[in-house]
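Input: a single structure, listed below in structure tokens.
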Amino acid sequence: MTGHLLVVGAINIDLVVPVQSLPGPGETVVGDALQRHGGGKGGNSAVAAVRAGAKVRYVGAVGDDQLGAGALTDLRADGVEASDVALKPKVATGCALIVVDAKGENQIAVAAGANMRLTVEDVETALGRSEGWTSTALVSTEITPDAVVAAVKGARARGWLCVLNPAPVIPEILETLDLAPIVTPNRGELRDIYRLLGGEGDPDAKDAAAFVARHTGAAVVVTLGSEGVLVCDAEGQCTTIPARPAARVVDTTGAGDTFNGVFAARLAAGDGLLEAARRGVTAASLSVEAAGARTSMPMETEIEAATAAQ
Ligand code: ATP
Ligand code: RIB
């Protein structure tokens with residue numbers, strides 16, 4: 001079954017320098033030739049979801065510049081419906097400066113630009129247009145905090161399933177956590193949410209996720225890098241899904257976005273929590289095998305083949 005998914009989040013152009021090792025503070029490292037890729041957690045997860053077989057509408061903002069035109073061309077080339085993207089005059093399109101080392105680890109600094117001009121009205125208009133078309137939304141937080149809150153509240157008010165990728169964690173998500181979004185933090189983000197909710201000490205991922213799930217009343221899915229994901233349901237019952245070992249780790253940029261896009265796409269198609277997470281994990285492990293956030297995001301057939309081979 002094909003799922004319909006609305007993705008709300010940032011879109012960037014990624015400028016990437018491959019280096020031997022990541023620079024420390026004040027250090028200059030010299031790498032190979034500059035690479036340019038489509039990026040941003042919203043744009044990336046929209047592409048991952050389309051490749052996994054979903055119909056996807058993307059909601060975000062670009063500047064009225066060449067980078068913005070390129071970002072939209074990239075999205076549409078992948079089959080993402082982008083008519084709800086707001087064009088913001090006199091603002092630069094989002095741009096990420098990324099350094100990737102020989103082990104595939106990265107450092108990222110984002111110039112958010114137009115992503116931080118996405119308004120509540122932009123989001124509410126887009127959600128209104130998708131009534132009757134979708135019942136699942138995926139929201140990430142590299143955009144205006146008010147837009148994040150409007151997206152989660154608007155999705156839940158319509159009775160839609162809402163996956164909230166809190167990357168990065170912003171305090172404003174506190175306004176949405178009692179609306180039962182399925183939250184998908186990585187380890188560091190889980191710790192930040194735990195503390196935002198008043199948690200004390202430094203519990204392990206399972207206890208922290210169960211604590212967050214008790215507050216949200218919904219599942220919490222923690223991405224654990226090469227260890228896979230931890231899925232805790234609304235009752236705090238936790239299951240670990242180990243990562244499929246990658247053939248070679250070239251670039252982990254966008255692995256989380258791949259997981260989120262495929263996970264949300266599979267939920268939209270009617271999969272249960274664990275099955276959707278399994279597909280997301282397999283897709284994310286395939287995505288680390290080439291440079292760039294989107295280059296090696298797999299198609300549905302590749303996810304099927306890798307799942308069958310496990
Ligand atoms: P990012 O912000 O870079 O997109 P993230 O921190 O949100 O990533 P991670 O936990 O690093 O997310 O990775 C997401 C998922 O990708 C993991 O849960 C795992 O399934 C897969 N993954 C990441 N790194 C590897 C790896 N080295 N080998 C196999 N799978 C990996
Ligand atoms: O998650 C990876 C993404 O984070 C990159 O594509 C970059 O644009 C930043 O938003």
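Whatever order the structure lists them in is the order used to number ligands and atoms, beginning at 1.
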Under 3.5 Å between any N/O of Gly38 and any N/O of ligand 2: does that happen in this structure?
no

Of Ile98, Asn12, Asp257, which has the heavy atom at the shortest distance from atom 2 (C) of ligand 2?
Asp257

A student checking ligand 1 against Val229 at a 4.0 Å heavy-atom cut-off should list atoms 18 (O)

Filtering Ala243, Pro242, Ser285, Gly225 for the heavy atom nearest atom 19 (C) of ligand 1 leaves Gly225

Pairwise side-chain contact, Pro203 with Phe211, heavy-atom cut-off 4.5 Å (strictly under):
no

Among all protein non-hydrogen atoms, which one is nearest to atom 13 (O) of ligand 1, and what is the separation to 0.1 Å?
Ala255 CB, 3.8 Å

Protein contact of atom 8 (O) of ligand 1 - nearest heavy atom, named by residue and atom, plus distance:
Gly256 N, 3.4 Å

re atom 3 (O) of ligand 1, the protein heavy-atom contact at minimum distance is Thr252 O, 3.5 Å

Find out whether Val59 and Asp122 are in side-chain contact, i.e. whether some heavy atom of one side chain is under 4.5 Å from a heavy atom of the other.
no

Under 3.5 Å between some N or O of ligand 1 and some N or O of Val249?
no

What part of Thr258, side chain, backbone, both or neither, has a heavy atom within less than 4.0 angstrom of ligand 1?
neither

Quick check on Gly40 - does any of its heavy atoms sit under 4.0 Å from an atom of ligand 2?
yes

Regarding Thr253 and Asp251, do their side chains bring together a donor and an acceptor under 3.5 Å, going by distance alone?
yes

Same cluster or not: are Met116 and Val110 linked, directly or through other Ile, Leu, Val, Met, Phe, Trp or Tyr residues, by side-chain heavy atoms under 4.5 angstrom apart?
no

Can any side-chain N or O of Glu124 pair as donor or acceptor with the backbone N or O of Glu121 at less than 3.5 Å?
no

Intermediate values then yes/no, side-chain contact (heavy atoms from CB on, under 4.5 Å), Arg279 and Ile303
CA-CA 7 Å; Arg279 295 299 168 116; Ile303 302 172; 4.0 Å; yes

Please say whether Gly228 places an N or O atom under 3.5 Å from an N or O atom belonging to ligand 1.
yes

Here the atoms of ligand 2 under 4.0 Å from any heavy atom belonging to Ala96 are 7 (C), 8 (O)

Could you walk me through whether Leu177 and Leu164 pass the side-chain contact (heavy atoms from CB on, under 4.5 Å) check?
CA-CA 9 Å; Leu177 291 180; Leu164 173 62; 4.3 Å; yes

With a cut-off of 6.0 Å (strictly less than), are more than 12 heavy atoms of other residues, nucleotides or ligands near CZ of Arg57?
yes

Side chains of Thr184 and Leu138 in contact at under 4.5 Å (non-hydrogen atoms)
no

Looking at Gly254, which atoms of ligand 1 are within less than 4.0 Å of one of its heavy atoms?
3 (O), 4 (O)

Return the closest protein heavy atom for atom 29 (C) of ligand 1 as residue, atom name and distance.
Arg244 O, 3.6 Å

CD (Gln107) with more than 12 external heavy atoms under 6.0 Å:
yes

Among all protein heavy atoms, pick out the one at the shortest distance from atom 16 (O) of ligand 1; state its residue, atom name and that distance to 0.1 Å.
Ala284 CB, 3.2 Å

By the definition side-chain contact (heavy atoms from CB on, under 4.5 Å), identify the one residue from Val281, Val222, Val220, Val221 that meets it with Val231.
Val221

Ser226 heavy atoms, cut-off 4.0 Å: which ligand 1 atoms fall inside?
24 (N), 25 (C), 26 (C), 27 (N)

Would you say ligand 1 has an N or O under 3.5 Å from any N or O of Asn186?
yes

Does Thr253 reach ligand 2 with a nitrogen or oxygen that is under 3.5 Å from one of the ligand's nitrogen or oxygen atoms?
no

Can you tell me if CD on Glu27 sees more than 12 non-hydrogen neighbours from other groups inside 6.0 Å?
yes

Between Glu81 and Ser83, is there a side-chain donor-acceptor contact under 3.5 Å, judged purely by atom types and distance?
yes

Pro166, Ala293, Ala246, Ser45: member with heavy atom nearest to atom 28 (N) of ligand 1
Ala246

Looking only at heavy atoms of Ala10, does any of them come nearer than 4.0 Å to an atom of ligand 2?
no

Nearest to atom 2 (O) of ligand 1, what protein heavy atom do you find, and at what distance?
Lys41 NZ, 3.8 Å

For the pair Arg51 and Glu302, find out whether any cationic side-chain nitrogen is under 4.0 Å from an anionic carboxylate oxygen.
no

Return a yes/no value for Phe259: is any of its N or O atoms, backbone included, closer than 3.5 angstrom to an N or O of ligand 1?
no

Under a 4.0 Å threshold between the charged nitrogen and the carboxylate oxygen, would Arg244 count as salt-bridged to Glu289?
yes

Checking heavy-atom distances from atom 10 (O) of ligand 2 to each of Glu142, Arg294, His37, the winner is Glu142

Check ligand 2 against Asp14 and write out every atom of the ligand that is under 4.0 Å from a heavy-atom position of the residue.
5 (C), 6 (O), 7 (C), 8 (O)

Test of proximity, Thr223 against ligand 1: N or O pairs below 3.5 Å
yes

